[in-house]
Amino acid sequence: MSRYDPSVIEPRWQEAWDKAGAFTARRDPAKPKYYVLEMFPYPSGRIHMGHVRNYTMGDVVARTKLAQGYSVLHPMGWDAFGMPAENAAMERGGHPKDWTYGNIADMKAQMKPLGLSIDWSRELATCDPEYYGQQQAMFIDMMEAGLVYRKAAVVNWDPVDMTVLANEQVIDGKGWRSGAVVERRELTQWFFKISDYSEELLSALDGLTHWPEKVRLMQANWIGKSRGLQFGFKTVGAPAGFDTLEVYTTRPDTLMGASFAAISADHPLARALEGDPKIAAFVAECRRGGTSAEEIETAEKIGYDTGIRVQHPLDPNWELPVWIANFILMDYGTGAIFGCPAHDQRDFDFATKYRLPIKAVFAADGAEDAALAEAYVPMKSERVRYVRGFAGAEVQTGDEAVATAIAHAETHGYGTGVTKFRLRDWGVSRQRYWGCPIPVIHCAGCGVVPEAKANLPIELPYDVSFDVPGNPLDRHPTWRDCTCPKCGAAARRETDTMDTFVDSSWYYARFTAPRATTPTVLEDADYWMNVDQYIGGIEHAILHLLYSRFFARAMHKTGHLPAKAIEPFNALFTQGMVTHEIYMTRDAQGRPVYHLPEDVTVFNVADRRIVVKGNVPPPVDMIDDVDAFIRALSDEGLLVEVIPSAKMSKSKKNVVDPNDIIAAYGADTARWFVMSDSPPERDVEWTASGAEAAFKHLNRVWTLCDRIGQMPADHQGEGDNDLARATAKAIDEVTKGIEGFAFNKAIASLYAFANTLAKANASTPVMKEAIRTLAKLMSPMTPHIAEDIWAYQGGIGLCAEAPWPKADPALLVDDTVTLPIQINGKRRAEISVPKDMPIPEVEKIALADEAVIRFLAGQPVKKIIVVPGRIINVVA
RNA sequence: GCCCGCGUGGUGGAAUGGUAGACACAGGGGACUUAAAAUCCCUCGGCUGAAAGGCCAUGCCGGUUCAAAUCCGGCCGCGGGCACCA
């Protein structure tokens, strides 16, 4: 064996895997199947370390499952529609399609050297007509199933560019290009009826036992089931047709603390009042700014008293003013509320600002009805004393009070208990070019008509220009013109395209039959679904996963997925980001200037870490005064400020190009490093020293393999039993680490095992068996070096296809255990006892221990707790 | 603003109610070398002590428990999401 040279061995083994078709997924009824999927990338053009980490995790799982005898599906594709392609076309010219496919080719070329066990024959891009044509077919099926409808909804409108903006394109309430203040404007849009499934999407979360608890909780909160009271206020002085004002509240128990009613600026009543120029101006003011919840809820709370009054349902003589307020959302409840300032902080702020009364309804049990400095909002499960209650006991929990208040309203006929969800229907219309065209036709005679399936795919026209803001499909001369599939008359195509979340809501199903001329093939879907392990970023915890769960149900309803696939992801793992520290200096104006990691030099001088701009030789022998040295560097503008690690981003230049790392150390080193050190669900900080350490370790394993290879065949050693035990332990720990998504722990075990093996003095066959096992255990993480060691040490066939080792259970248990002894919870001694020793005997030995006697100093023992195999605690 | 996380040595982390700091990085000391690199060995939370040992220590404050990094309550700091970023 020669020097460890990844640039030679890595391409060689990748070719060998290709030739053997090792990773081609095949339906094999004789084997259990395993479908592992990483969230597919957006083709930005460059892979980054986050991709490397994500795909390496999936690869570790896929390779382990393959070795464990599963028929594995591990595909890859491209989430290829979206705004960046159009932005690139606007900024640099060119066409979104060319830009996207060029990026896909570039990224694929960058991914290949990683040696991932991907079945590339199933590759797909969502911008392929082959893919989005099937999506259009499903859209039509969903229309027929009643899951699609149109309604008016608000968008961010840029009044200068005359175009709709994404939330991302609204910066501080202004359009990102024009700088104009954005308005909220209504547009007729396409919607999926995800709300039909609110209850089911919520209750089915309980069955997702292999999902992170936090993701399930976030989804549950997002769906937001609430029980409340809906009732109508009788109005006084309202325009015709507004005799009652319907409101919904989750706190009907606070009805006696009401001090005003408030409606959204988009409420029909507010619109009816727009004849009044003052109200029109106020409503226009409310519509300024973007549509995002963050912007609306952090905006200053403003209101306008309409002069209209409503009668309190429990006392017709008690009238409340009706305000229009900017923090009331038309999308939730009825778009109208009653305000109870004493028990809602937002209402409290509003009431304080506009000098409205603040009356407490309840107080902490035992507390006085004191004046409030802020809203008193205890947990609903807490017992409080009602000072202005009207139903139920004086002292009760909030939950009890809500229930009794609803019962009271229903008994007296002024309101109804209603269950509502926060989840809104999914608006899928986008006024953009680079997306899946909505396959619908507007006919003067027939109205809105779905396109005939025979005409699918409705392909995007290529001849478009991006020199004017807005959707090029709207101004395309011929694409819009078509004939009505129903009556044959001249008609116009829908020019809205679909939200890119639609594309990513079913790609996992398409991978089971990526070339089919129907969206799916049931036989394939039935074999491969569900995804056994889905891996991706925590940033997708809500939207992408919720939409996918809905879409799988819709696909089942329309006959494209079997019933078992309505929850498409059996297990979910959300991985952390790859971060890097940021290197910054300042220019003459004091503005920050960022530097790439490769453009700085890091010195470790004593316990100081000094970062210097440029590539300079070590200063240690040039200076003996570190502080003076730092001052000198600072004066010359060479001293670099180190900002703590953050997600890698181009703007901060804290990026490391995976291909540079592969060129310097090989893919195995990159893979090993991103899997080591940090637990996969947490962020991992990329450090140059960490990558180098990984490379050094692989070199050590390589030379160890060489040394074992050169051992005389008849060498005898006394360490056979110890090494066999260490090997069994490594198998056990690495297997558990991988299966439990604790790759960092699996790697720590592999370090320990390699160190043990390097020091072991065992017979040649035992040494060879151990190094082959090491190679096999390393192979999910570092597949290339593993193959080389495997081949060199006489492994049969490809390491990638060799079965996963099994640990001999007899070698995993130790005969004696070391038990620490605590006295009053502090560790004072330890004893070694046979593993199966009965508790009374352990107690006897513990109490007879010299150190225990010394620490007890004659105090009587009150209690002794023995946790078998773990610890002894003596309470004195 | 609302929802959800996270916080342990100089650093990444291990320990998921039972010996805090596995494994690794950085640092310190040594071997080899003319020298350096590479490699190998030792050491490595703080205070105290000649040593044995003792005391302190898991963001901060309080609680539950024989026992808390771990469970509960409050606070501080950081991160993710908020429906047209993907």
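Here is how names work: the chains are called A, B, and so on, in the same order as the sequence lines, proteins then strands, and each is numbered from 1.
At the heavy-atom level, F501(A) lies under 4.0 Å from base atoms of the strands shown. Contacts of T703(A) with the nucleic acid, taken as non-hydrogen atoms under 4.0 Å apart, are absent. No contact: G537(A) has no heavy atom under 4.0 Å from any strand. Residue-level contact check: V874(A) touches neither bases nor backbone, having no heavy atom under 4.0 Å from any strand. Nucleic acid contact class of R700(A) (heavy atoms, under 4.0 Å, all strands): sugar-phosphate only. Among the protein residues, W426(A) comes within range of no part of the nucleic acid, since none of its heavy atoms lies under 4.0 Å from any strand. Residue-level contact check: P41(A) touches neither bases nor backbone, having no heavy atom under 4.0 Å from any strand. Counting any heavy atom pair closer than 4.0 Å across all strands shown, E300(A) reaches no nucleic acid atom. At a threshold of 4.0 angstrom between heavy atoms, the contacts of T500(A) are confined to the sugar-phosphate backbone, with no base atom among them. H544(A) comes within 4.0 angstrom of nothing in the nucleic acid, heavy atoms only. In this structure, R216(A) reaches neither bases nor backbone, as no heavy-atom distance under 4.0 Å exists between it and the strands shown. Within 4.0 Å of F191(A), counting heavy atoms only, lies no atom of the nucleic acid at all. Residue K759(A) is in sugar-phosphate contact alone, with no base atom involved, counting any heavy-atom pair closer than 4.0 Å across all strands shown. Residue contacts for V215(A): at a heavy-atom cut-off of 4.0 Å it reaches no nucleic acid atom on any strand shown.
Judged as a salt bridge (charged side-chain N to carboxylate O under 4.0 Å, His left out), not a single pair has a partner in residues 692-704 of chain A (not counting sequence neighbours).
Here A24(B) presents its P atom at 15 Å from CZ of F753(A), a figure rounded to the nearest Å. Atom CZ in F673(A) sits about 12 Å away from atom C1' in G13(B), given to the nearest Å. Rounded to an integer number of Å, the gap from E294(A) CD to C82(B) P is 9 Å. The distance between atom CZ of F695(A) and atom P of A38(B), rounded to the nearest whole Å, is 12 Å. For the pair N156(A) CG and A83(B) C1', the interatomic distance rounds to 12 Å; values are reported in whole Å. For the pair N824(A) CG and U65(B) P, the interatomic distance rounds to 15 Å; values are reported in whole Å. One atom, CE of M675(A), and another, P of G12(B), lie 19 Å apart when rounded to the nearest Å. One atom, CD1 of I823(A), and another, C1' of G53(B), lie 14 Å apart when rounded to the nearest Å.
Considering only the side chain of K696(A), A38(B) comes nearest among A86(B), A38(B), A83(B). The side chain of R430(A) has C84(B) as its nearest neighbour among C40(B), C3(B), C84(B). Side-chain atoms of R682(A) lie closest to A14(B) of the nucleotides G5(B), C84(B), A14(B). In the set G13(B), C85(B), C4(B), C85(B) carries the atom at the smallest distance from any side-chain atom of N167(A). With A86(B), C84(B), C55(B) as the candidates, the nucleotide lying closest to the side chain of L543(A) is A86(B). Ranking A14(B), A83(B), C4(B) by closeness to the K214(A) side chain, first place goes to C4(B). Of the candidate nucleotides A83(B), C66(B), C40(B), A83(B) has the atom lying nearest to any side-chain atom of L423(A).
Classification of the W426(A)-F192(A) ring pair by plane angle, with boundaries at 30° and 60°, yields perpendicular. Taking the six-membered ring where the residue is Trp, H51(A) and Y55(A) present parallel rings, their angle staying beneath 30° rather than reaching 60°. Using a 30° and 60° split on the angle between ring planes, W702(A) and Y4(A) fall in the tilted class, from 30° to 60°. Relative ring orientation between Y751(A) and W672(A) is described as perpendicular, the plane-to-plane angle rising above 60° on a 0-90° scale split at 30° and 60°.
With both ends at atom P, the span from G7(B) to A15(B) equals 12 Å, rounded to whole Å. Of the P atoms belonging to C72(B) and C84(B), the separation is 35 Å, rounded to the nearest Å. When the P atom is used for both G45(B) and A86(B), the distance is 49 Å, rounded to whole Å. Taking the P atom of each, C56(B) and G73(B) are spaced 28 Å apart, rounded to whole Å. Spacing of C1' atoms, G59(B) relative to A69(B), comes out at 12 Å, to the nearest Å.
Pairing of G53(B), defined by two Watson-Crick or G-U wobble distances under 3.5 Å, is identified with U48(B). Partner assigned to U39(B) is A31(B), using Watson-Crick or G-U wobble distances below 3.5 angstrom. Pair check for A69(B) finds none; no Watson-Crick or G-U wobble contact set falls under 3.5 Å. When Watson-Crick and G-U wobble pairs are counted only if both distances are under 3.5 Å, U11(B) pairs with A24(B). Searching all strands for a Watson-Crick or G-U wobble partner of G17(B) with both distances below 3.5 Å returns nothing. C2(B) is paired with G81(B) under the Watson-Crick or G-U wobble criterion, all donor-acceptor distances under 3.5 Å.
Ion pairing between a basic and an acidic side chain is recognised when a charged N comes within 4.0 Å of a carboxylate O; K214(A) and E681(A) show no such pairing. Salt bridge R287(A)/E186(A): absent, no basic N to carboxylate O contact under 4.0 Å.
Remark: A85(A) engages Y42(A), P96(A), W99(A), T100(A), W434(A) in a side-chain contact (heavy atoms from CB on, under 4.5 Å) (not counting sequence neighbours). Residues forming a salt bridge (Lys or Arg N to Asp or Glu O under 4.0 Å) with D732(A) (at least two apart in sequence, or on another chain): K736(A).
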Which donor-acceptor pairs under 3.5 Å do the side chains of residues 167-176 of chain A make with protein atoms, sequence neighbours left out?
| unit_1 | atom_1 | unit_2 | atom_2 | d |
| --- | --- | --- | --- | --- |
| N167(A) | OD1 | N156(A) | ND2 | 2.9 |
| N167(A) | OD1 | T291(A) | OG1 | 3.1 |
| Q169(A) | OE1 | A166(A) | N | 2.7 |

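Residue M218(A) is the one, among M218(A) and T291(A), whose nearest nucleotide of RNA chain B lies closer to the 5' end (criterion: closest heavy atom).
Within residues 76-86 of chain A, the residues having any heavy atom under 4.0 Å from RNA chain B are, by residue number, D79(A), G82(A), M83(A).
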What does nucleotides 18-23 of chain B look like as a protein-contact string, B for base, S for sugar-phosphate only, - for none, at under 4.0 angstrom between heavy atoms? BB--BS

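Geometrically, K151(A) engages F191(A) in a cation-pi contact defined by less than 6.0 Å to the ring centre and at most 45° from the axis.
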Please report the C-alpha distance between F350(A) and F348(A) in whole Å, then the side-chain angles of each, then the deciding distance to 0.1 Å, and finally whether the ring-ring contact (aromatic ring centres under 6.0 Å, His included) criterion is met. CA-CA 5 Å; F350(A) 191 79; F348(A) 186 93; over 10 Å; no

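The base of C2(B) has none of its N or O atoms less than 3.5 Å from a complementary donor or acceptor on the side chain of E297(A). At a cut-off of 3.5 angstrom, the base of C84(B) holds at least one donor-acceptor pair with the side chain of Q431(A).
For the residue pair D158(A)/T163(A), the side-chain donor-acceptor check at 3.5 Å is not satisfied.
Between the CG atom of D344(A) and the CZ atom of R251(A) there is a distance of 9.5 Å, given to the nearest 0.5 Å.
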